[in-house]
Amino acid sequence: MGVTLAADLNPQVVLAEAFEQHFEAVRRFAYGRSTASPGLRADLADEIASETFARAVQLWPRFDPSAGTLRAWLFGIAANVTRERDRAGRRYLTAVGRVVALRDPDGRAGSAASGIEDHELVVGLLSKIQPPVREVLLLVAGLGLSYEEAGVALGIPEGTVASRLSTGRRQLARLLAATQDTTGPGRRSG
Amino acid sequence: VTDDDPLERLAAALEAVPPEAPDARAQARARLEHLLTTPVLHGEQPVAGLRDRTPVRAGREQHPGGRPGLERPASRRLRAALIVLFVTTAAGTGVGLLVSASPSPPHGPSVAGHSSVPSTASTTTTTARGRGPTPSTHRVFDGVIIVEAPPVGYQPRVSEKDVLARYTGPGTLAAGASSVTVLLGTVTDSEYTRAGRPIIDHRVAWVLYAVGVEEILYGCGQAATTPAACPSSARARLVEIVSPLTGGVIDDLEY
């Protein structure tokens with residue numbers, strides 16, 4: 001049985017500071033991790049980021065600083081919340097998708113539109129990568145977590161992080177290349 | 001953005017993620033601050049508005065205390081095409097959207113003089129008090145969408161199966177419906193905040209819009225709601241959000 005070291009910390013201070021430091025990163029992670037349509041992804045990311053910190057309060061007694069950084073712990077929560085929301089989101093879209101097609105002819109609710117921004121293109125391609133690999137890509141390459149932190153967040157060894165990152169890099173490169181083949185090289189913005 | 005490294009391109013893409021919605025960060029911060037200053041015990045939720053401040057334990061009686069029954073003129077009952085009910089779940093306040101394509105049953109309700117709509121609407125309360133409705137009155141509903149809304153600061157351990165079981169059994173809201181869809185976790189802010197201000201998530205409004213709501217009956221929650229805040233402010237919020245989208249009628253159930 002582990003000792004709850006978090007008891008020595010004041011969550012009111014620690015989590016409030018963590019919110020200021022990491023809210024945006026958690027939100028970006030959720031944005032990239034989600035498979036929701038572009039029109040819903042931003043709102044969903046807002047919700048997930050909020051829910052992550054709310055859940056951190058509930059789970060605070062289980063936070064063990066000796067097991068990893070607070071940031072890694074928060075991303076672990078965010079990953080779980082995002083997985084749950086994605087499952088719910090699929091039900092949601094299934095439920096109303098047919099109606100949207102009738103009510104939303106302009107595709108405001110998230111269909112791919114012409115003139116898509118580069119970040120949307122890249123994030124959209126992420127959804128074609130397996131979630132475990134995608135999560136590593138986001139945490140390490142996208143948000144700058146160390147292999148160790150990403151491993152703590154996702155509950156996997158560092159070696160697995162490295163392996164998935166390599167896999168993800170290959171897959172993402174292939175997807176980007178395929179996109180360029182179909183749209184031309186001028187898509188990137190900078 | 002550098003050209004050839006997909007990981008750098010990914011990092012740049014995340015940097016370019018659109019900013020959060022206005023107030024989203026402030027709301028998230030307020031939610032966190034509230035939680036940090038309010039004790040939330042495992043399996044329990046401090047419920048604002050209960051006079052004795054007794055926490056509602058998850059899994060126990062969902063509707064402590066009685067409430068006045070639902071009394072509506074029969075003529076108005078027949079007009080309803082959709083009911084929006086805030087129902088108190090074991091975990092707190094949820095939202096139920098009952099969608100009906102046919103406002104009245106083809107052969108009339110099984111309870112003489114009563115349309116199906118208020119009968120169904122009252123299911124939430126009568127079930128809690130042990131007066132079950134007539135199941136056959138539910139057949140008017142062609143489909144039911146139930147949106148399960150976790151309350152602020154409390155993540156219910158519910159599943160789609162749990163919610164279906166909660167709402168579709170005999171004498172429940174969705175009993176007899178030809179189809180039931182349960183949406184979980186899509187309206188996290190669609191319940192009553194600790195400040196007593198109800199927030200109906202825009203997704204609820206979007207769903208209403210998507211299904212072509214023409215008329216809405218609104219009833220608000222039970223144990224987890226603050227009585228003083230319940231129908232007036234919540235209804236006002238509903239009107240504010242939904243009316244422009246639907247052009248529909250908001251009809252208070254006057255709980």
Side-chain angles (χ1 to χ4, degrees), chain A residues 11-12 15-16 19-20 23-24 27-29 31-32 40 42-43 45-47 49-51 53-58 84-85 87-89 91-92 94-96 99-100 103-104 109 117-123 126 137-138 140-144 165 168-173 175-176 188-190, chain B residues 1-21 23-25 27-38 40-42 143 145-148 150 152-155 159-160 179 181-189 201-203 206-207 209-212:
Chain A
Q12 293 192 22
L15 287 178
F19 179 90
E20 299 303 328
F23 179 85
E24 185 56 35
R27 183 179 172 278
R28 286 178 179 168
F29 170 78
Y31 188 96
L40 297 175
D43 289 343
D46 290 345
E47 289 183 11
S50 176
E51 178 63 25
F53 285 91
R55 205 172 291 190
V57 176
Q58 294 175 287
E84 293 169 11
R85 293 301 166 89
R87 286 194 292 272
R91 288 191 290 268
Y92 177 76
T94 300
V96 297
V99 185
V100 171
R103 296 271 174 165
D104 189 24
E117 298 292 336
D118 188 72
H119 79 271
E120 291 179 5
L121 171 69
V122 175
V123 171
L126 278 180
L137 277 176
L138 287 165
V140 178
L143 298 167
L165 185 64
R169 176 200 291 267
R170 261 196 329 271
Q171 292 181 350
L172 185 57
L175 289 167
L176 287 169
R188 297 181 187 181
S189 60
Chain B
V1 175
T2 57
D3 282 345
D4 298 320
D5 188 340
L7 301 189
E8 288 191 25
R9 195 167 171 191
L10 168 61
L14 285 188
E15 285 293 323
V17 163
E20 65 262 23
D23 297 333
R25 188 185 180 105
Q27 287 181 11
R29 184 188 291 110
R31 180 184 184 189
L32 176 65
E33 289 172 352
H34 166 76
L35 291 171
L36 287 172
T37 55
T38 304
V40 178
L41 306 178
H42 292 292
I145 297 178
I146 295 170
V147 182
E148 186 72 5
V152 169
Y154 186 84
Q155 185 63 28
S159 65
E160 187 173 6
S179 67
T181 300
V182 177
L183 311 176
L184 292 175
T186 54
V187 284
T188 53
D189 291 328
D201 190 273
H202 63 90
R203 280 185 178 75
W206 188 77
V207 168
Y209 172 70
V211 299

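Only a predicted model underlies this, so the values are computations on that prediction, with no experimental measurement involved.
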* Structure fact -> Heavy atoms of Ala11(B) and Ala141(A) approach each other most closely as CB-O, 3.4 Å

* Asked: When rounded to the nearest 0.5 angstrom, what is the spacing between CZ in Arg169(A) and CG in Leu10(B)?
  -> 11.0 Å

* **Closest-packed option against chain B by number of heavy-atom pairs under 4.5 Å, given Ala16(A), Ala173(A), Gly168(A)** => Ala173(A)

* Asked: Residues in salt bridge (Lys or Arg N to Asp or Glu O under 4.0 Å) with Arg29(B), at least two apart?
  -> Glu20(A)

* Asked: Looking at CG of Leu14(B) and CZ of Arg28(A), how far apart are the two atoms once the value is rounded to the nearest 0.5 Å?
  -> 7.5 Å

* Shortest non-hydrogen contact from Val17(B) toward His119(A) -> CA-CD2, 4.1 Å

* Asked: Who passes ring pair (Phe, Tyr, Trp, His ring centres under 6.0 Å) against Phe19(A), sequence neighbours left out?
  -> Phe23(A), Phe53(A)

* Measure the CD-CG distance between Glu51(A) and Leu32(B) for me, rounded to the nearest 0.5 Å. => 11.5 Å

* Could you pull out the closest heavy-atom pair between Pro6(B) and Leu172(A), with the gap in Å? => O-CD2, 3.4 Å

* Does Pro19(B) reach the side chain of Glu24(A), with side-chain heavy atoms less than 4.5 Å apart? -> no

* Checking heavy atoms, do the side chain of Leu138(A), its backbone, both or neither come under 4.5 Å from chain B? -> both

* Side chains of Leu7(B) and Leu165(A): does their closest heavy-atom pair fall under 4.5 Å? -> yes

